[in-house]
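Everything numeric here is computed off the predicted structure, so don't read it as measured data.
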Amino acid sequence: MTNTYKSEFLNILNERGFIHQCSDFDALDAKLMEGTQSAYIGFDATADSLHVGSLVQIMMLYWFQQSGHKPITLMGGGTTKVGDPSGKDESRKMLDDAGIQKNIDGIKSVFAKYLSYGDGETDAMMVNNDEWLSQLNYINFLRDYGPHFMINRMMTFDSVKLRLEREQPLTFLEFNYMILQAYDFAELSRRHDTVLQMGGSDQWGNIINGVDLGRRVDSASLFALTTPLLTTSSGAKMGKTADGAVWLNDDKLSAYDFWQYWRNTEDADVGKFLKLFTTLPMDEIAKLEALEGAEINEAKKVLAFEATKMCHGEQAAIDAQETAARTFEQGSVGDDLPSVDVDAARLSDGINVLDLFVEAGLTDSKGEAKRLVKGGGAKINDAAISDMAQNATNDDLTEDGYIKLSAGKKKHALVRIKT
């Protein structure tokens with residue numbers, strides 16, 4: 001494949017499908033050829049873990065470091081207090097300092113799985129924008145930076161237009177978010193010689209504000225680079241499933257469930273996801289995405305293994321793959337399957353299967369469990385459940401001491417006696 005750019009980083013991103021927009025491809029390409037550069041992506045601390053929806057951004061930072069540059073993960077300890085209106089229908093819930101710090105502590109561990117932190121020239125760095133935002137004098141800030149932001153231009157940004165068109169409230173607090181994000185870029189440029197901000201396409205207006213501000217106040221040459229809005233082929237948003245968010249933290253989602261998320265990728269998305277979420281060579285990906293029919297499932301297993309290996313480690317990926325093989329291909333069960341412990345006395349008396357499906361997390365409610373039974377998708381030890389009044393008892397325990405519950409073909413859980 002002929003390289004489009006001179007820099008390794010832009011060529012990697014281009015061939016793997018990461019690029020949506022750039023403020024100046026030629027100038028950024030030339031800058032990246034001058035030696036080690038610094039780029040950042042901001043992450044607001046609105047939850048104690050990131051989910052798969054943030055993984056495209058993390059992988060951009062990964063490839064930036066692999067290309068010999070210095071990635072910065074900017075934690076929005078300050079901007080989280082304001083709230084980003086981009087893509088939101090309503091204002092964020094306000095968090096106090098303790099809540100924000102708790103979320104930052106939870107998120108930190110995710111980045112270390114993908115990036116190498118340290119004091120070296122290309123080692124990643126974590127910065128919190130509360131360091132400078134909390135120190136700002138409001139009057140001085142307005143005087144120094146307010147003249148560089150035109151309200152009529154800000155009103156054209158999608159993040160603002162969407163809320164106004166839907167006649168949903170947009171507070172002045174949130175309107176300030178884009179000014180603070182722009183200021184972050186200028187501050188990082190001054191402190192760490194950061195030349196590039198990356199993010200999702202919904203952040204384009206905010207990032208361009210920072211590029212413009214750096215030019216106006218510091219005569220700095222800064223750049224913006226965004227990724228496409230990522231959805232599945234069926235239009236679903238990345239990182240969300242019917243069962244909830246696909247979290248990147250181990251304590252929020254097991255390696256097995258993470259593996260299963262990728263294994264259940266739609267056929268049309270396999271090639272795209274292999275490029276974005278694994279580090280496999282492009283020639284190997286080309287072979288995998290060329291598979292058709294039932295063979296595409298092998299490509300999905302490779303995707304699941306590689307994505308899980310990066311996020312949870314190789315051994316966790318191996319264990320998840322073996323559990324899935326035993327559960328789905330060999331008809332047995334694996335140790336990584338979700339499980340629920342019940343008291344021996346309860347099981348002796350009998351536990352209604354509908355309650356058990358809810359307790360095991362296979363359904364969210366008894367109503368959903370009833371619909372599953374009606375549809376023939378509820379099974380106990382691989383035998384279909386037809387009676388909603390059926391109870392699970394000690395008689396249902398296998399020789400290995402568990403009861404296997406199944407919701408359809410892909411969701412399983414084990415019931416064990418509490419010890």
Roughly how far apart are [X] [atom1] and [Y] [atom2], rounded to 0.5 Å?
{"X": "R16", "Y": "W63", "atom1": "CZ", "atom2": "CH2", "result": "4.0 Å"}
{"X": "L276", "Y": "L13", "atom1": "CG", "atom2": "CG", "result": "9.0 Å"}
{"X": "S189", "Y": "L196", "atom1": "OG", "atom2": "CG", "result": "11.5 Å"}
{"X": "F25", "Y": "S7", "atom1": "CZ", "atom2": "OG", "result": "10.5 Å"}
{"X": "T265", "Y": "L303", "atom1": "OG1", "atom2": "CG", "result": "4.5 Å"}
{"X": "I380", "Y": "F357", "atom1": "CD1", "atom2": "CZ", "result": "7.5 Å"}

Does [Y] offer a backbone N or O that forms a donor-acceptor pair with the side chain of [X] under 3.5 Å?
{"X": "N14", "Y": "L10", "value": "no"}
{"X": "Q37", "Y": "K31", "value": "yes"}
{"X": "Q65", "Y": "T122", "value": "yes"}
{"X": "N352", "Y": "M388", "value": "yes"}
{"X": "H51", "Y": "G53", "value": "yes"}
{"X": "S49", "Y": "N249", "value": "yes"}
{"X": "N129", "Y": "G77", "value": "yes"}
{"X": "D267", "Y": "I296", "value": "no"}
{"X": "N103", "Y": "D48", "value": "yes"}
{"X": "N128", "Y": "E131", "value": "no"}

Tell me the closest heavy-atom pair linking [X] and [Y], and the distance in Å.
{"X": "R263", "Y": "K300", "value": "O-CD, 3.4 Å"}
{"X": "M60", "Y": "I41", "value": "CB-CD1, 4.4 Å"}
{"X": "K275", "Y": "F18", "value": "O-CE1, 4.1 Å"}
{"X": "A186", "Y": "L213", "value": "CB-CD2, 4.3 Å"}
{"X": "L347", "Y": "I403", "value": "CD1-CD1, 4.1 Å"}
{"X": "V373", "Y": "A378", "value": "CG2-CB, 3.7 Å"}

Report yes if the side chains of [X] and [Y] come closer than 4.5 Å at any heavy-atom pair, otherwise no.
{"X": "V270", "Y": "L291", "answer": "no"}
{"X": "I417", "Y": "L397", "answer": "yes"}
{"X": "L362", "Y": "L372", "answer": "no"}
{"X": "Y256", "Y": "D319", "answer": "no"}
{"X": "Y114", "Y": "C311", "answer": "yes"}
{"X": "W247", "Y": "D257", "answer": "no"}

How would you list, by chain and number, every residue that makes a side chain to side chain donor-acceptor pair (under 3.5 Å) with [X], sequence neighbours excluded?
{"X": "K370", "value": "none"}
{"X": "D349", "value": "none"}
{"X": "K272", "value": "none"}
{"X": "S406", "value": "H412"}

Note to self: According to ring pair (Phe, Tyr, Trp, His ring centres under 6.0 Å), does anything in residues 276-317 pair up with another residue at least two apart or in another chain? List the pairs.
What the structure shows: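 Output for this query lists F258-H312, W262-F277, F273-F277.
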Name all pairs fulfilling the salt bridge (Lys or Arg N to Asp or Glu O under 4.0 Å) condition that reach into [range], sequence neighbours left out, sorted by first residue then second.
{"range": "residues 62-80", "value": "none"}
{"range": "residues 71-80", "value": "none"}
{"range": "residues 111-127", "value": "K113-D250"}

Next item on the list: Run the numbers on I58 and L248 for side-chain contact (heavy atoms from CB on, under 4.5 Å), then give the verdict.
Entry: CA-CA 11 Å; I58 296 173; L248 300 180; 3.9 Å; yes
Check: Could you go step by step and tell me if K287 and E284 meet the salt bridge (Lys or Arg N to Asp or Glu O under 4.0 Å) rule?
Finding: CA-CA 5 Å; K287 294 175 184 175; E284 189 172 340; over 6 Å; no
Checklist line | Criterion side-chain contact (heavy atoms from CB on, under 4.5 Å) on L28 and S23, from CA distance to verdict | finding: CA-CA 8 Å; L28 175 59; S23 55; over 6 Å; no
Among side-chain atoms of [X] and [Y], is any donor-acceptor pair under 3.5 angstrom?
{"X": "Q203", "Y": "Q197", "result": "no"}
{"X": "S38", "Y": "D193", "result": "no"}
{"X": "N11", "Y": "E15", "result": "no"}

Check: Looking at R371 and E368, does any basic side-chain N land under 4.0 Å from a carboxylate oxygen?
Finding: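 Salt bridge flag = no for E368 with R371.
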In chain order, what residues pass the ring-ring contact (aromatic ring centres under 6.0 Å, His included) check against [X], with sequence neighbours excluded?
{"X": "F141", "result": "Y145, Y183"}
{"X": "F185", "result": "Y40"}
{"X": "Y62", "result": "none"}

Notebook entry, point to check: Going through the distances and angles, do M198 and L61 end up as a side-chain contact (heavy atoms from CB on, under 4.5 Å)?
Noted result: CA-CA 9 Å; M198 303 183 289; L61 292 172; 3.8 Å; yes
Report all side-chain donor-acceptor pairs from residues 222-232 shorter than 3.5 Å, counting only partners two or more places apart or in another chain.
| residue | atom | partner | partner atom | Å |
| --- | --- | --- | --- | --- |
| T226 | OG1 | Q21 | N | 3.4 |
| T227 | OG1 | Q57 | NE2 | 3.3 |
| T232 | OG1 | S234 | OG | 3.1 |
| T232 | OG1 | A236 | N | 3.1 |
| T232 | OG1 | E266 | OE2 | 3.3 |

Next item on the list: Would you please test L32 and F64 for side-chain contact (heavy atoms from CB on, under 4.5 Å) and show each step?
Entry: CA-CA 10 Å; L32 292 171; F64 193 69; 3.9 Å; yes
Margin query: Just checking K379: does its NZ atom have more than 12 heavy atoms from other residues, nucleotides or ligands closer to it than 6.0 angstrom?
Written below: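 No, NZ of K379 has 12 or fewer neighbouring heavy atoms, counting only those of other groups under 6.0 Å.
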